[in-house]
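Sequence positions, counted from 1, serve as the residue numbers for this chain.
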Amino acid sequence: MPFNHITPDEAAQIINNGATLGLSGFTAPGTPKGVTEGVARKAIKEHEAGREYKVNIFTGASTNRHVDTILAENNAINRRAPYQNLPVSRQHINTHDIHYFDRHLSEMAQETRYGFYGPIDFAIIEAADITPDGEVLLGCGLGNVPTYAHMADKIFIEINHKLPKHLHGMHDVVLLNDPPYRREVPIYHANDRIGSPVLKIDPKKIVGIIDTEEFDGVKEFTAVDETSTKIGNNVVSFLLNEYRTGRIPKEFLPLQSGVGNVANAVLYGLAEADELPSFMMYTEVIQDAVLELMKRGKCTFASTCSMTFSDATEAELFSNMDFFHDKIVMRPAEISNNPEVIRRLGVIAMNTALEADIFGAVNSSHVLGVKMMNGIGGSGDFARNGYISIFSCPSVSKGGLISNIVPMVTHTDSSEHSVDVIVTDQGIADLRGTDPVQRAERIIENCAHPDYKPLLREYLKMGKFGQTPHTLQAAFAFHVAFNETGDMRNADFGRYMK
């Protein structure tokens, strides 16, 4: 059937106050770039007229400036889930102008289908192509769009003319049955495919086609610095030792890696580790470093939810699709982050922390326990179910004013039960098989910055009883000192013990 081509503003006129929008994409790739800007312009007009106008935004993960930034700037978001990472939306979340609820990325689609968050009124889907019978060739990020498209009353399709049709075959679109009818997810190797290369939707639900032409807008990462390099080298050293001792099988195992300089440093470090065999990835995001590893033959295949490449690397991908096409598959988040599959494949999980405490708990999301940074993302999905769960962070931040190894984390995203190894630029703490005090001793000696080791040792000695000997009166002395003086090194445990 023929589809109507409409403008973003025409699409926005159909979207009423209070509507819930389910967006395609996962990080910036695959995320809409037109309709949400029309919604923001409508919000401006409605607010000028004295009328309330906000929408609910459900996504796969973080988005782009066309979504979270412009909608937050114009006070157009009511509820938001499951993950975000842009400064303007973060500001509005921390002032409660946006009602943000943080979810494990593997859970968002199924919980939406269960009816926990209400109906999906509109799905907005970026695509490279669409057939008259509703077969949609998606873009560079899959996210939760199979669920949102299935549930939505009405659908807008944004055809991005920057996207090549040669993307066909790089998607593995699956919609799981819900309990009690769910079956096993039959993925036994990272490169298994179980679904469709296209998203199939009812053409009658398509309200209109919006034309766009823009790369995903992912900025190039800054050059890997000395601290990131040290962390990366320490992670590689740990993996090499595990491989040499046989605790990692000789075939090696799939890797999961987050996004950022530390992740880049780890991946480049693995590329230089000749002793390690080539490997596959089973992860939620692949970034620029992965394409380089593929060109070197070190990474043979990557299963992901999103190709989060900088614009330059995305252009390189599109120019060399014959080489990369069969080395990458994109899956929905509830498959890329699926606990069953992660555990079956033996995925080695490598994630980053904002802070870790001496007993092994990790805070991934809240600055000083109060301000939301980005969210838990998929780290919990992989950490709880990975073959080995590694968390890394710099030992200090802000030139040493903040220790990222603290007596007690101010917010717990991954408890010590899900954390096997902590790595900083100072070294490695293997926590497997240790009790809380042994964990603390290893983390302090191997991972804490020298400026903070005496304070952390002092705190540990203060604990007089219990298996996990916290001293609750002084547990947040580091954070209090930073709030009061701007320097955690000024922590004074004695003031709390009088």
Side-chain angles (χ1 to χ4, degrees), residues 22 24-26 30 58-61 81-82 103-120 123 125 133-138 141-152 155 168-202 205 249 251 253-256 280-285 301-306 326 328-349 377-387 389 418:
S24 65
F26 192 95
F58 294 168
T59 63
R103 302 302 300 154
H104 295 289
L105 298 186
S106 68
E107 295 180 330
M108 184 67 192
Q110 66 180 26
E111 291 175 345
T112 304
R113 292 197 304 274
Y114 298 165
F116 293 176
Y117 312 129
I120 300 293
I125 302 170
D133 58 353
E135 292 193 348
V136 179
L137 174 58
L138 296 168
L142 223 162
N144 294 326
V145 71
T147 289
Y148 298 151
H150 171 72
M151 292 183 62
I155 297 175
H168 191 280
M170 296 185 74
H171 303 89
D172 192 33
V173 182
V174 180
L175 187 63
L176 297 179
N177 291 330
D178 294 329
Y181 306 106
R182 181 168 295 181
R183 297 292 304 273
E184 70 278 3
V185 179
I187 295 175
Y188 308 106
H189 303 89
N191 56 355
D192 286 346
R193 297 171 187 257
I194 62 173
S196 168
V198 295
L199 174 67
K200 299 176 182 179
I201 57 180
D202 183 354
K205 295 170 70 171
E251 300 89 349
L253 290 169
L255 299 179
Q256 174 259 336
M280 294 187 185
M281 298 188 71
Y282 193 89
T283 188
E284 58 187 356
V285 170
F301 191 87
S303 170
T304 186
C305 193
S306 172
D326 296 330
I328 301 172
V329 64
M330 288 174 279
R331 311 185 195 270
E334 64 179 329
I335 302 297
S336 69
N337 292 44
N338 188 280
E340 169 198 342
V341 178
I342 292 165
R343 188 163 293 196
R344 178 187 298 132
L345 298 184
V347 176
I348 297 173
S379 61
D381 298 325
F382 287 92
R384 182 69 184 88
N385 299 286
Y387 185 89
S389 174
S418 300

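Using a 30° and 60° split on the angle between ring planes, Y148 and F58 fall in the tilted class, from 30° to 60°.
Of all the heavy atoms in R331 and C305, the pair that sits closest is O-SG, 3.2 Å. For L142 against F26, the heavy-atom pair with the smallest separation is N-CB, 4.4 Å. Taking both residues in full, the closest heavy atoms of S418 and R384 are given as OG-CD, 3.2 Å, listed atom of the first, atom of the second, then distance. For L345 against P254, the heavy-atom pair with the smallest separation is O-CD, 3.6 Å. Considering all non-hydrogen atoms of both residues, V174 and G195 come closest at CG2-CA, 3.7 Å. Here the closest non-hydrogen pair linking D172 and P332 is O-CD, 3.2 Å.
Within the 4.5 Å cutoff, side-chain heavy atoms of I125 are placed close to those of L138. Two residues are said to be in side-chain contact when any heavy atoms from C-beta on lie closer than 4.5 Å; L175 and R113 meet this criterion.
Sorted by first and then second residue, the salt bridge (Lys or Arg N to Asp or Glu O under 4.0 Å) pairs involving residues 335-344 (not counting sequence neighbours) are E340-R344.
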side-chain contact (heavy atoms from CB on, under 4.5 Å) between V329 and S303, intermediate numbers included | CA-CA 5 Å; V329 64; S303 170; 3.9 Å; yes

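Checking side-chain atoms of K205 against main-chain N and O of H150 turns up a donor-acceptor pair under 3.5 Å.
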